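Notes to accompany the following structure.
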Protein chains: 2
Amino acid sequence: MLSNSSKYAIKAVLFLALNASEKKKVMVKDISKPINVPQAYIAKLLQPLVKEGIVSSARGPRGGFYLDENNMNHSIMSIVNVIDGEKRLKSCLMSLKKCNEEKPCPLHNELSASRAQILNNLKSRMIKDLVKEVEAGNAFLPL
Amino acid sequence: MLSNSSKYAIKAVLFLALNASEKKKVMVKDISKPINVPQAYIAKLLQPLVKEGIVSSARGPRGGFYLDENNMNHSIMSIVNVIDGEKRLKSCLMSLKKCNEEKPCPLHNELSASRAQILNNLKSRMIKDLVKEVEAGNAFLPL
DNA sequence: AATAAAATATGATAAAAATCATATTCAAGA
DNA sequence: TCTTGAATATGATTTTTATCATATTTTATT
Ligand code: FES
Ligand code: FES
């Protein structure tokens with residue numbers, strides 16, 4: 001479903017959302033340990049997220065990563081889309097060229113509803129929503 | 001979600017269910033084209049399926065692959081389990097060591113229900129059920 | 001028994017994903 | 001302005017997955 005890279009990216013973003021701010025930037029080396037992802041790996045994943053405006057960053061001394069209010073308003077799916085590309089989640093379960101309602105593959109009819117639920121969820125849930133859940137004690141870290 | 005190999009395997013099994021029988025065995029070369037999978041590749045995938053009793057086969061002249069009544073009673077998930085291994089579908093969406101209800105990861109609460117639906121579906125739907133759907137015109141091939 | 005047709009077993013190669021390493025650029029502070 | 005600390009860019013390596021190729025075994029048919 002999600003690539004390893006996407007999972008790592010989500011973990012990093014969530015970690016930043018919870019533990020960083022513009023006044024308290026966090027460096028990659030301080031991200032990698034708590035989320036249990038190799039430093040060089042997560043450093044690379046963060047770049048496209050910064051470029052797409054999902055994460056904020058600052059270079060140089062006292063630099064690091066963080067999320068501002070704007071960043072927090074991105075969906076989980078937007079993270080996945082940046083890392084894995086748009087089509088990974090949307091393509092036919094059986095890898096048919098065109099997955100549609102008219103000529104559904106044998107898995108489509110029964111699975112597409114559940115799958116759509118998942119996709120809608122990923123699309124409609126923002127980073128800030130996950131933050132709330134964690135802060136409310138309904139979801140848990142470390143990741 | 002599903003590996004390429006699993007998708008191919010499902011396609012092959014379904015093709016056999018629809019087009020082969022003990023009296024009318026089908027050779028790999030005649031499977032590979034209609035399901036659009038390289039011959040050597042599908043040949044390899046069929047081996048573990050035969051070994052696990054999901055597909056039947058016979059060697060030598062007039063040999064080939066087919067499904068008997070018994071084979072038809074396997075679930076879609078059993079195919080995936082043979083090809084991808086048990087844990088692929090069941091592991092935590094965030095790849096946490098232990099995915100459980102007590103310490104759910106931030107994606108768990110909202111996604112686990114939909115995910116469970118998919119898994120239950122794959123587990124409870126047998127090959128013969130898919131065959132019926134295709135024969136009834138509710139699902140379509142070629143794959 | 002010999003032949004030939006098929007699956008089966010095994011391994012080699014190619015492509016993609018994951019991981020690791022390093023050089024470069026930018027910005028803060030001395 | 002110089003130094004240093006950080007992200008950023010780029011590329012190399014490793015591992016996994018996908019794909020291709022071939023030798024071996026089994027079995028029906030002659
Ligand atoms: S999931 Fe295959 S046609 Fe929709
Ligand atoms: S899916 Fe992550 S804890 Fe259940």
Side-chain angles (χ1 to χ4, degrees), chain A residues 1-13 16 20 22-33 35-67 71 80 82-85 87-88 91 95, chain B residues 1-13 16 20 22-33 35-67 71 80 82-85 87-88 91 95:
Chain A
M1 176 114 69
L2 302 183
S3 72
N4 234 330
S5 292
S6 275
K7 293 173 182 175
Y8 290 172
I10 294 171
K11 292 209 274 183
V13 168
L16 288 171
E22 182 158 15
K23 321 233 157 178
K24 188 185 161 199
K25 308 185 185 83
V26 177
M27 300 183 287
V28 276
K29 65 170 180 177
D30 295 323
I31 300 174
S32 91
K33 270 157 223 157
I35 69 173
N36 197 32
V37 174
Q39 172 169 345
Y41 196 168
I42 196 61
K44 198 173 214 173
L45 292 176
L46 283 167
Q47 299 322 311
L49 295 173
V50 169
K51 193 166 298 178
E52 295 298 321
I54 293 171
V55 168
S56 297
S57 70
R59 299 196 200 196
R62 300 194 51 77
F65 298 89
Y66 63 98
L67 270 72
N71 299 138
V80 177
V82 167
I83 302 295
D84 287 343
K87 65 175 182 294
R88 175 161 187 139
S91 62
S95 291
Chain B
M1 175 112 72
L2 302 182
S3 72
N4 234 329
S5 293
S6 276
K7 292 173 183 175
Y8 290 172
I10 294 171
K11 292 207 274 185
V13 168
L16 287 171
E22 180 159 15
K23 321 233 155 177
K24 187 186 162 199
K25 306 184 185 88
V26 177
M27 300 184 286
V28 278
K29 65 171 181 176
D30 294 323
I31 300 173
S32 92
K33 269 156 225 159
I35 69 173
N36 197 33
V37 175
Q39 172 169 344
Y41 196 169
I42 196 61
K44 198 172 214 173
L45 291 176
L46 283 167
Q47 299 321 311
L49 294 173
V50 169
K51 193 167 297 178
E52 295 298 322
I54 293 171
V55 168
S56 298
S57 69
R59 299 197 202 196
R62 300 193 53 78
F65 297 90
Y66 64 98
L67 270 72
N71 298 137
V80 177
V82 167
I83 302 295
D84 286 344
K87 66 174 180 295
R88 175 159 187 141
S91 62
S95 291

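Model, not experiment: these values are computed from the prediction. Every chain is numbered from 1 and lettered A, B, ... according to where its sequence line falls, protein lines coming before strand lines.
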Could you tell me the separation between the [atom1] atom of [X] and the [atom2] atom of [N], rounded to a whole number of Å?
{"X": "A:Gln47", "N": "D:dA6", "atom1": "CD", "atom2": "P", "answer": "15 Å"}
{"X": "B:Lys11", "N": "D:dA18", "atom1": "NZ", "atom2": "P", "answer": "13 Å"}
{"X": "B:Ile42", "N": "C:dT8", "atom1": "CD1", "atom2": "P", "answer": "13 Å"}
{"X": "A:Met27", "N": "D:dA6", "atom1": "CE", "atom2": "C1'", "answer": "8 Å"}
{"X": "A:Lys51", "N": "D:dA7", "atom1": "NZ", "atom2": "C1'", "answer": "12 Å"}
{"X": "B:Ile83", "N": "D:dT19", "atom1": "CD1", "atom2": "P", "answer": "13 Å"}
{"X": "B:Lys25", "N": "C:dA6", "atom1": "NZ", "atom2": "P", "answer": "11 Å"}
{"X": "A:Tyr66", "N": "D:dA6", "atom1": "OH", "atom2": "P", "answer": "16 Å"}

If the condition is side chain to side chain contact (heavy atoms under 4.5 Å, CB included), which residues does [X] pass it with, not counting sequence neighbours?
{"X": "A:Arg88", "result": "A:Ser3, A:Asp84"}
{"X": "B:Asn71", "result": "B:Ser56, B:Leu67, B:Asp68"}
{"X": "A:Pro61", "result": "none"}
{"X": "A:Ala20", "result": "A:Leu16, A:Val26, A:Tyr66"}

Taking every non-hydrogen atom, the tightest pair across A:Ile42 and A:Tyr8: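 That closest heavy-atom pairing would be CD1-O, 3.8 Å.
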
field: Annotated protein contacts, base or backbone, on nucleotides 17-30 of chain C with a non-hydrogen cut-off under 4.0 Å, one of B, S, - each
entry: -SBBB---BSBBS-

Within residues 39-53 of chain A or reaching into it, pairs that qualify as side chain to side chain donor-acceptor pair (under 3.5 Å) - sequence neighbours excluded: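 The answer is A:Ser5-A:Tyr41.
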
